[in-house]
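For reference, the structure is listed below as structure tokens.
Below, chain A is the first sequence line, B the second, and so on; all start at residue 1. None of these values were measured; they are calculated from a predicted model. The figures that follow rest on heavy atoms only: side chains count, while hydrogens, waters and symmetry mates do not.
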Amino acid sequence: MNSPARVRFAPSPTGRLHIGGARTALYDYLLARQTEGAFVIRIEDTDRKRYVQGAEEEIYKALSWLGMEWNEGPDVGGPFAPYRQSERTDIYLEHAEQLVESGHAYYCFCTTERLATVRKEQQARKEAPRYDGLCRRLNSDEAHNRKHAGEAHVIRFKTPRQGKTTSVDEIRGEITVENATLDDYILLKSDGLPVYHLAAMVDDHLMEITHVLRTSEWLPTFPLHVLIYKAFGWEQPAWVHMSVLLNPSGKGKLSKRHGSGGAHAVYPLELKESGYVPEAVVNWLSLMGWSYDDRTEFFIMPDLIGKFSLAKLNPSPAAVNFSKLDHFNGLHIRSLKQEDLASRLVPRFRAADLEVTEDELRPITPLIQERIRTLDEAVEMSGFFFRNTVQPDPQQLIGKNMSPVESAAALSRSIDLIQGFERLAAESLELALRGLADDLDLKVGQLFGILRVAVTGQRVSPPLIETMEILGKELILQRLNRAAELLESPE
RNA sequence: GCCCCCAUCGUCUAGGGGACUAGGACGUGGCCCUUUCAAGGCCAAAACCGGGGUUCGAAUCCCCGUGGGGGCACCA
């Protein structure tokens, strides 16, 4: 095993955690657990304009639901607290000033208006929009004077104008760019708060982060980050730029809502509300840009912790495949213990206004476990167990290739037969019903089809015999009689 | 416009010069099983972006195209 990794997941609280972020967090978590290192959460809330109230709590909730616990973070504290960047502003200011003193950064007094004008001119000339370096040429005395006079300013990085910078990414190798193509990026804004480029580098260093996992959106500024590390004289962490997630169509970065026709949830907590189990979401996420071998795909968290490796990360962008999530959800539901499934089903039934208890659910879980792909499908399929009455479609009460009269006769004979039972026991009931079908010269499917609709109100249901056993003689007779009436006088 | 990254079935991927007649999974189609629906089993169709090199030999290495993605904010 490798030495303990300190890995951080650093979301900005600008909205709900989406599956892309969740996948990054997962890889962070796996690396930390695998090496028995630390998984730390840092909240990057230096942009006050985009701050969303409650977003931070949502992120915690989503990570918890997915089964990732963190060792350090704003809510649990830790040796490098505070973990919210808005509470570390002094640190960034100090470091920015340090860079100015060492000649790696400078004060810039340009207004946003001037910057916009410059940018516009450059674009008109079809040049890359970039800071024109006006304040870079200021002598330091003048700059200090203007600063002390209270003039609004930012601190910019003094990017070398010559030479090349080579950055090393764990999955992509060396990436070399001409420094001339880089900009003099702003490090510290005029409000005194840092931008990502400064804050993240300072924190990663101070918090002793060993592996920086982020998506490839950061590749263009990767050289800048390396330059900042070098300007401070710090040792770099291992950089890992993962692929981005694409829309199911493969066109464009994953956006809020997608899927053919219907909308697909892109937030883990939304997936939860749609009846997905966290095990499936984790399994699905883990395989978007990572693989273990050429055949193994079913994983639960402990497997993943053991098997994850950075070397198997795939650099190319991956389109999200929601039907595969459905598949994994079915797989994980089937692998659940019955009691576990039953307890997870309770809230889904309640959400559908069906008052059920886990005890009531337990006997039916074995009947539906291998038939459902989401927890909510259990409600669709077996809700009739908990409704007082069912509403069969009279048309559906007519057996396949049968007349209404024949169907009514089959129903009536079934009622007689069931009346003869003390208690409905699956084995004997099935034997009797099959005998009846034989007597009536019907195929088993014809008779069962009628009974299924009569008993469940549905054409698709859990296995009929077991269903009848659970429902019991009284209820069955009630529903069968009701069906017989419907067949005689359909409204 | 400029810079960067990527490129195997529709999708996610295995593949690290000969083991490739290119493997697995989802999805799709068919068959079997079957009281419906599933699940399960079996089978099928389905890919190395193009062109040049390098090499005895290239899906694998290099170059050029092309395509896709990302970035160019006092956002992250």
* Tell me: CZ of A:Arg172 to P of B:rG70, nearest whole Å? -> 13 Å
* Structure fact -> Taken to the nearest whole Å, CH2/A:Trp290 to P/B:rA25 is 17 Å
* Determine the Euclidean distance between corresponding C1' atoms of B:rA22 and B:rG17; express it in Å to zero decimal places. => 15 Å
* **A:Trp218, nearest nucleotide to its side chain (from B:rG27, B:rG24, B:rA76)** => B:rA76
* Pair A:His332 + A:Tyr276: ring centers closer than 6.0 Å -> no
* Nearest-nucleotide wise, let me know which of A:Val320 and A:Ser461 is further upstream toward the 5' end of RNA chain B. => A:Val320
* Asked: Is the distance from OP1 or OP2 of B:rA76 to the nearest side-chain N or O of A:Arg214 less than 4.0 Å?
  -> no
* To do: Would you confirm whether the ring centroid of A:Phe308 sits within less than 6.0 angstrom of the ring centroid of A:Trp290?
  => yes
* Can you tell me if A:Ser216 uses its side chain to pair, donor with acceptor, with the backbone of A:Leu219 under 3.5 Å? -> no
* Asked: Which nucleotide in the set B:rG71, B:rA38, B:rC75 lies at the smallest distance from any side-chain heavy atom of A:Pro220?
  -> B:rG71
* For A:Lys312, which contact category applies under a 4.0 Å heavy-atom criterion: base, sugar-phosphate, or nothing? -> sugar-phosphate
* To do: Identify whether any heavy atom of A:Lys443 sits under 4.0 Å from a base atom; if not, whether one sits that close to sugar-phosphate; answer base, sugar-phosphate or nothing.
  => nothing
* To do: Pick base, sugar-phosphate or nothing for A:Pro462, based on heavy-atom distances below 4.0 Å to the nucleic acid.
  => base
* Structure fact -> Pairing partner of B:rG27, by Watson-Crick or G-U wobble and under 3.5 Å for both distances, is none
* To do: Report which part of the nucleic acid A:Ile175 touches: base, sugar-phosphate, or nothing (heavy-atom distance under 4.0 Å, all strands).
  => sugar-phosphate
* Among the candidates B:rC2, B:rG40, B:rU13, find the nucleotide nearest to the side-chain atoms of A:Asn314. => B:rU13
* Asked: Who is the Watson-Crick or G-U wobble partner of B:rC9, with both distances under 3.5 Å?
  -> none
* **Nucleotide B:rC26, atom P - distance to CG of A:Asn283 in whole Å** => 12 Å
* Asked: How far, in whole Å, is B:rU21 from B:rA46 if one measures between their C1' atoms?
  -> 16 Å
* Asked: Over how many whole Å does the gap from A:Glu466 atom CD to B:rU36 atom C1' extend?
  -> 13 Å
* Base B:rC74 to side chain A:Ser190, donor-acceptor N/O within 3.5 Å cut-off -> yes
* To do: Tell me whether the guanidinium CZ or amine NZ of A:Arg156 lies under 6.0 angstrom from the six-membered ring centre of A:Tyr131 and within 45° of its axis.
  => yes
* Contact under 4.0 Å: A:Arg434 side-chain N or O vs B:rU35 OP1/OP2 -> yes
* Asked: Which whole number of Å gives the distance between the P atom of B:rC6 and that of B:rC49?
  -> 15 Å
* To do: Round to a whole Å and report the spacing from CD of A:Glu370 to C1' of B:rC37.
  => 10 Å
* For A:Arg125, which contact category applies under a 4.0 Å heavy-atom criterion: base, sugar-phosphate, or nothing? -> nothing
* NA contact type, A:Thr112, heavy-atom cut-off 4.0 Å: base, sugar-phosphate, or nothing? -> base
* Determine the interatomic distance between P on B:rC12 and the same-named atom on B:rA73; round to the nearest Å. => 30 Å
* Separation of the P atoms in B:rC61 and B:rG18, to the nearest angstrom -> 11 Å
* Gap between atoms NZ and C1', on A:Lys324 and B:rG27 respectively (whole Å) -> 10 Å
* To do: Would you indicate which nucleotide in B:rC12, B:rU36, B:rG1 comes nearest to any side-chain atom of A:Arg371?
  => B:rU36
* Asked: What nucleic acid atoms does A:Lys189 come within less than 4.0 Å of, heavy atoms only: base, sugar-phosphate, or nothing?
  -> base
* To do: Could you tell me whether A:Leu464 contacts a base, only the sugar-phosphate backbone, or nothing, with contacts defined as non-hydrogen atoms closer than 4.0 Å?
  => base
* **Near-ring test A:Phe222/A:His241, centroid separation under 6.0 angstrom** => yes
* Please walk me through it: do A:Leu345 and A:Phe349 pass side chain to side chain contact (heavy atoms under 4.5 Å, CB included)? -> CA-CA 6 Å; A:Leu345 250 19; A:Phe349 277 81; 3.9 Å; yes
* Asked: Say you pick atom P in B:rU13 and the same atom in B:rG70; how far apart are they, in whole Å?
  -> 16 Å
* Does A:Ser291 put a side-chain nitrogen or oxygen below 4.0 Å from OP1 or OP2 of B:rA14? -> yes
* Tell me whether the guanidinium CZ or amine NZ of A:Arg146 lies under 6.0 angstrom from the six-membered ring centre of A:Phe109 and within 45° of its axis. => yes
* Asked: Distance check: side-chain N/O of A:Lys49 vs OP1/OP2 of B:rA73, anything under 4.0 Å?
  -> no
* Has A:Arg459 got a side-chain N or O lying under 4.0 Å from the OP1 or OP2 atom of B:rA38? -> no
* **Pairing nucleotide - B:rG1, Watson-Crick or G-U, each distance under 3.5 Å** => B:rC72
* To do: Kindly point out which of B:rG10, B:rC5, B:rA76 is positioned nearest to the side chain of A:Asn321?
  => B:rG10
* Base, sugar-phosphate alone, or nothing: which one does A:Gly330 contact when heavy atoms must sit under 4.0 Å apart? -> nothing
* Asked: With both distances under 3.5 angstrom, what nucleotide forms a Watson-Crick or G-U wobble pair with B:rG17?
  -> none
* **Closest-nucleotide ordering on RNA chain B, the 5'-leading residue of A:Glu127 and A:Ser216** => A:Glu127
* **Atom P, compared across B:rU66 and B:rG50: separation rounded to whole Å** => 16 Å
* Asked: What nucleic acid atoms does A:Glu217 come within less than 4.0 Å of, heavy atoms only: base, sugar-phosphate, or nothing?
  -> sugar-phosphate
* Structure fact -> Any strand, both distances under 3.5 Å, Watson-Crick or G-U wobble: B:rA22 pairs with none
* **A:Asp183 CG - B:rG1 P separation (whole Å)** => 20 Å
* Asked: Which is true for A:Pro317 with a 4.0 Å heavy-atom rule: it touches a base, it touches only sugar-phosphate, or it touches nothing?
  -> sugar-phosphate
* Structure fact -> Here the pair of heavy atoms bringing A:Lys189 nearest to A:Thr46 is NZ-O, 3.0 Å
* To do: Could you measure between the two P atoms, the one in B:rA19 and the one in B:rA38, and give it in whole Å?
  => 41 Å
* For the ring pair A:Tyr185 and A:His197, is the centre-to-centre distance below 6.0 Å? -> yes
* Determine, using ring centers only, whether A:Trp239 and A:Tyr229 are less than 6.0 Å apart. => yes
* To do: Both distances under 3.5 Å, Watson-Crick or G-U wobble: report the partner of B:rC33, or none.
  => none
* To do: Tell me what A:Thr46 touches on the nucleic acid: a base, only sugar-phosphate, or nothing, going by heavy atoms under 4.0 Å.
  => sugar-phosphate
* Structure fact -> Checking N1-N3 plus N6-O4 or O6-N4 for Watson-Crick, or N1-O2 and O6-N3 for wobble, each under 3.5 Å, the partner of B:rA38 is none
* Which part of the nucleic acid, if any, lies within contact of A:Arg452, taking any heavy atom under 4.0 Å across all strands shown: a base, the sugar-phosphate backbone alone, or nothing? -> base
* Value in whole Å for how far the P atom of B:rC75 lies from CD of A:Gln85 -> 13 Å
* Asked: What does A:Pro129 touch in the nucleic acid at a heavy-atom separation under 4.0 angstrom: a base, only the sugar-phosphate, or nothing?
  -> base
* **Proximal nucleotide (of B:rA76, B:rU35, B:rC74) relative to the A:His197 side chain** => B:rA76
* Do A:Glu297 and B:rG24 share a donor-acceptor pair, side chain to base, under 3.5 Å? -> yes
